[in-house]
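Shown next, in structure tokens, is the structure this report addresses.
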Amino acid sequence: MPELPEVEVTRRRIEPHLVGRRIRTVRTTAASYLFMTPPETLRRRLRGRTTTALGRLGKYLIAELDDRRRLVIHLGMTGQLFSQTASSLRLLAASTRQALAPEEQVDFRPDAHTHFRLAFDDDGPGVYFRDVRKFGKLLLLEPDERHPRLERLGPDALEVHGELIFRASRKRRVPIKQLLLDQSLLAGVGNIYADEALFLSGVRPGRRAERLTHRECDLLAEAVRRVLRRSIETGGSSIRDYVAPDGRDGAYQFERHVYAREGEACFACGSAVRKRVIAQRGTHYCPTCQK
DNA sequence: ATTCCAACCTGATAGC
DNA sequence: TGCTATCAGGTTGGAA
């Protein structure tokens with residue numbers, strides 16, 4: 001699900017629910033793929049702690065705790081981090097959804113996919129982490145501990161410069177889209193915004209990286225920054241599962257140019273948007289506007 | 001060194 | 001209606 005804009009919107013809106021509140025209890029599901037730190041360790045170490053700051057590196061959220069440990073959260077494909085008070089159909093299984101009368105609102109009740117729940121001393125609303133596919137990650141770092149997952153990340157995609165893409169793309173025969181998705185080159189771009197940025201810069205996703213001119217790299221970097229900034233402004237893309245911590249949908253899906261628009265008319269030239277697999281991902285582009 | 005691709009999971013939906 | 005195949009905002013690790 002979530003790329004840089006969705007993670008940043010999540011960070012901004014969950015921050016007030018997390019920072020400065022003392023954790024009373026931690027509830028988890030059983031050990032599984034998403035717990036890089038065993039759930040019993042999380043429960044033991046987090047009880048009584050207070051979050052002092054919430055940061056972001058690429059698609060990772062990093063909560064700094066008052067004992068100098070850090071809780072790292074990655075939302076994977078279907079991860080949702082939200083307040084107990086959030087209400088959204090996206091937090092419900094389709095079966096539950098269908099049983100609901102139209103317009104009916106229900107408070108979220110933790111289900112089998114709600115793997116991590118924080119309750120606080122102030123008795124206010126809890127903070128929940130739900131992840132159907134369990135591709136998300138929870139990891140507790142010791143003070144000053146480094147971790148390859150974070151060490152490997154390139155500069156944040158909001159700050160990418162054409163020069164970075166130009167240098168990295170020399171003598172690389174892979175499609176330019178594959179480079180954009182490489183988190184060790186720049187951190188935060190995923191499948192939606194790779195396709196969108198390539199459209200905005202007029203570059204075909206399948207172009208060999210080494211064939212891009214310096215000017216095209218500049219345009220591409222500018223497009224990456226622009227599309228990410230704009231998506232953050234609109235609250236991110238709610239196409240499938242993404243919901244903000246307050247239960248609200250993002251709105252960038254209404255502004256997208258090519259992603260998930262196969263067969264529909266390009267807004268710029270009217271050609272039908274095409275879809276094919278590039279870098280093992282579904283890839284959308286305009287055959288006329290992108291060279 | 002670079003590129004490819006299966007694996008990690010579950011659910012929704014398109015197609016027969 | 002019902003079953004099966006395919007696809008999904010991600011990342012890693014190991015094979016080719």
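In what follows, chains carry the letters A, B, and so on, assigned in the order in which the sequence lines appear, proteins first and then strands, with residues in each chain numbered from 1.
Closest to the A/Gln178 side chain, of the nucleotides B/dG11, B/dC4, B/dC8, is B/dC4. The listed nucleotides are C/dG13, C/dG10, B/dG11; the one nearest the side chain of A/Arg240 is B/dG11. Candidate nucleotides B/dT10, C/dT12, B/dT3 were compared by shortest atom distance to the side chain of A/Val132, and B/dT10 ranks first. Of the listed nucleotides (B/dT3, C/dT12, B/dC4), B/dC4 has the atom at the smallest distance from the side chain of A/Gln280. Nearest to the side-chain atoms of A/His113 among the listed nucleotides B/dC9, C/dT11, B/dG11 stands B/dG11. For A/Lys275, the listed nucleotide lying nearest its side chain is C/dA8; candidates were C/dT11, C/dA8, B/dT10.
Atoms CG (A/Leu181) and P (C/dA8) sit 13 Å apart, rounded to a whole Å. Here the P atom of nucleotide B/dG11 and the CG atom of A/Asp131 are 11 Å apart, to the nearest Å. The nearest whole Å value for the distance from the CE atom in A/Met77 to the P atom in C/dT12 is 14 Å. Look at CZ on A/Arg173: it is 18 Å from P on B/dA1, rounded to the nearest Å. Taking atom CZ of residue A/Arg149 and atom C1' of nucleotide B/dC8, one finds them 11 Å apart after rounding to whole Å. One can place CG of A/Leu179 at 12 Å from C1' of B/dT2, the figure rounded to the nearest angstrom. Atoms CD1 (A/Ile278) and P (B/dC4) sit 12 Å apart, rounded to a whole Å. In this structure, NE2 of A/His74 is placed 8 Å from P of C/dG10, rounded to the nearest angstrom.
The residue A/Tyr193 sits apart from the nucleic acid: no heavy atom pair falls under 4.0 Å. Nucleic acid contact for A/Arg256: none, since no nucleic acid atom lies under 4.0 Å from a heavy atom of the residue. Counting any heavy atom pair closer than 4.0 Å across all strands shown, A/Lys137 reaches no nucleic acid atom.
You can call A/Phe135 stacked on the base of B/dC8; the centres are under 5.5 Å apart and the planes sit within 30°.
Put simply, A/Lys134 has a side-chain N or O that comes within less than 4.0 Å of OP1 or OP2 on B/dT10. Side-chain nitrogen and oxygen atoms of A/Arg172 include none within less than 4.0 Å of the OP1 or OP2 phosphate oxygen of B/dA1. Between B/dA1 and A/Lys171, no contact under 4.0 Å exists linking OP1 or OP2 to a side-chain N or O.
Heavy atoms from other residues, nucleotides or ligands lying under 6.0 Å from CZ of A/Arg173 number 12 at most. Atom CZ of A/Arg225 is surrounded by more than 12 heavy atoms from other residues, nucleotides or ligands within 6.0 Å.
Proximity of a side-chain donor or acceptor of A/Arg11 to a complementary backbone N or O of A/Ile62 within less than 3.5 Å is not detected.
Residues A/Lys137 and A/Tyr33 meet the side-chain proximity criterion, which asks for heavy atoms closer than 4.5 Å.
In terms of heavy atoms, A/Asp111 sits closest to A/Leu91 at OD2-O, 4.5 Å.
Checked by distance alone, A/Tyr33 brings a side-chain donor or acceptor within 3.5 Å of a matching partner on the base of B/dC8.
Taking atom P on both C/dC3 and B/dC9, the two are 26 Å apart, rounded to the nearest angstrom.
Aromatic ring centres of A/His115 and A/Phe129: separated by at least 6.0 Å.
Pair check for C/dC7 finds B/dG11; Watson-Crick or G-U wobble, both atom distances under 3.5 Å.
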